[in-house]
Amino acid sequence: MAINVAKARRETPATAKLLHFNNAGAALPPVPVLAVQIAHLRREAEIGGYEAAKEAQNRIGQVYRSIARLIGASTKEIALVENATVAWDMAFYSIPLQRGDRVLTAEAEYSSNFIAFLQRQRQIGFSIEVIPNTPTGEIDLEALARMIDGRVKLIAVTHVPTNGGLVNPAAEIGKLARQHGITYLLDACQSVGQMPIDVAKIGCDLLSATGRKYLRGPRGSGFLYVRKEILNQLEPPFLDNHAAAWVAADKYELRPDARRFENWENNYAAQLGLGAAVDYALSWGLADIAKRIDALAAGLRQRLAAIPGVTVTDIGRKKCGIVSFVVEKKKAEDIAALLRKRKINCSVSSPASTLLDAMARRLPDVVRASVHYYNTEDEVERFAAQIAKLAQA
Ligand SMILES: Cc1ncc(COP(=O)(O)O)c(C=O)c1O
């Protein structure tokens, strides 16, 4: 069913005053998310933090069920953490790697992930190898198939890179990983909430996500999915008395579920807000959300590409709601600042955020305009008109 945009905007009051194209940074939270968060903070102040958490115990349990439903997992496969980086790091640092192993990744891999590869590489001595792209910009599956041998122990790629508009073929990569029994870690930070995600269809072993981006949840919330079949093989890099039980003077036992990747202290207001955001996204339907986002982004790319002096830098046969571009006569940072003065939000993505991709394509800072289903065709036109003006000045 088509998204009821008027309702979505009513439930996102800031849209009346703000043109928000920074959904890949942090989307605007809808009223129900904010209400749940504020209500829990109030209860903490009224009855005490521990008491409020106990009171909300069943609703916190429901958050796991909602996320499991969102991605087609079971509740025991979900860990709630504070952001996508923690989710990804907890997963990556728990994967046993040895000298001589090979780790395959993508050209547009996110900076934090790559820094972690480099750190562990220095400690262990495995090789990090970048899967080439097809001429259209996504991961080349044939090249990936040719790279696989018995020494490849991990495929870790980003589903939707931080800029570039691209959607990598996650499920096709999953098929190859499964065929060869290779652990597959998917960074779904920018894809969860903007398109349907089904971990069984994708075939990943581990998936990391954040709350504040396309899910429209609170800042400081995120989750990790760990496939139950590999859970017992993974020991998280950090443990506490929530992740494990201290059972004898010289012994601890890990939790049997994905919560071994969590720790004890939590921002429960944010977790409840995340659950509300997931329920809210499910109530719209992820296929309908994706359809509207794709249409808005395609319209935006088309309009921007028609402006003299503007180059859209997006790649990939399959694209999403993230639109990246450069303006010949203006720095990306200046464009974002000038738009901000006109109550228009977008962001700047620097080469350092996806260094290999930026070097390969000689990209400078790019402007990143990311649309959501609550944005409108009129906003797309207004945004493009502002860029046309700025491109001339
Ligand atoms: C592809 C990708 N992965 C991971 C992250 C990190 O997410 P978080 O800030 O929630 O840790 C980002 C943030 O922009 C991202 O774009």
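Remember, it's 1-based here, ligands and their atoms both numbered in the order they're listed. In this text, all values refer to a predicted model and were calculated from it rather than measured experimentally. Just so it is clear, the values below take in all heavy atoms, side chains as well, and ignore hydrogens, waters and symmetry mates.
- Contacts between T158 and ligand 1, counted as non-hydrogen atom pairs separated by less than 4.0 Å, involve the side chain only.
- Counting only N and O atoms by type, the side chains of Y110 and Q190 include no donor and acceptor under 3.5 Å apart.
- Given atom 5 (C) of ligand 1, the protein heavy atom at minimum distance is Y110 CE2, 3.3 Å.
- Between the side chains of Y374 and E379, not a single donor N or O lies within less than 3.5 Å of an accepting N or O.
- N83 and T210 are not linked by any side-chain donor-acceptor pair at a separation below 3.5 angstrom, with hydrogens and angles left out of the test.
- Under 4.0 angstrom from ligand 1, the non-hydrogen atoms of T85 come from both its backbone and its side chain.
- Heavy-atom neighbours of Q119 CD from other residues, nucleotides or ligands within 6.0 Å: above the threshold of 12.
- Per-residue contacts place A84 under 4.0 angstrom from the following atoms of ligand 1 (heavy atoms of the residue considered): 7 (O), 8 (P), 10 (O), 11 (O).
- Nearest heavy-atom pair across T354 and A108 is CG2-O, 3.5 Å.
- The single protein non-hydrogen atom nearest to atom 3 (N) of ligand 1 is D187 OD2, 2.6 Å, given as residue, atom name and distance.
- Atoms of ligand 1 lying under 4.0 Å from at least one heavy atom of T162, given by number and element, are 14 (O), 15 (C), 16 (O).
- In terms of protein heavy-atom proximity, atom 10 (O) of ligand 1 is nearest to T210 OG1, 2.6 Å.
- Atoms of ligand 1 found under 4.0 Å from any heavy atom of K213, numbered from 1 in the order shown, are 13 (C), 14 (O).
- R212 counts as a contact of ligand 1, since one of its heavy atoms falls under 4.0 Å from the ligand.
- In this structure, a donor-acceptor pair under 3.5 Å is absent between the side chains of T75 and R65.
- Here W264 and Y50 bring their ring centres to under 6.0 angstrom of each other.
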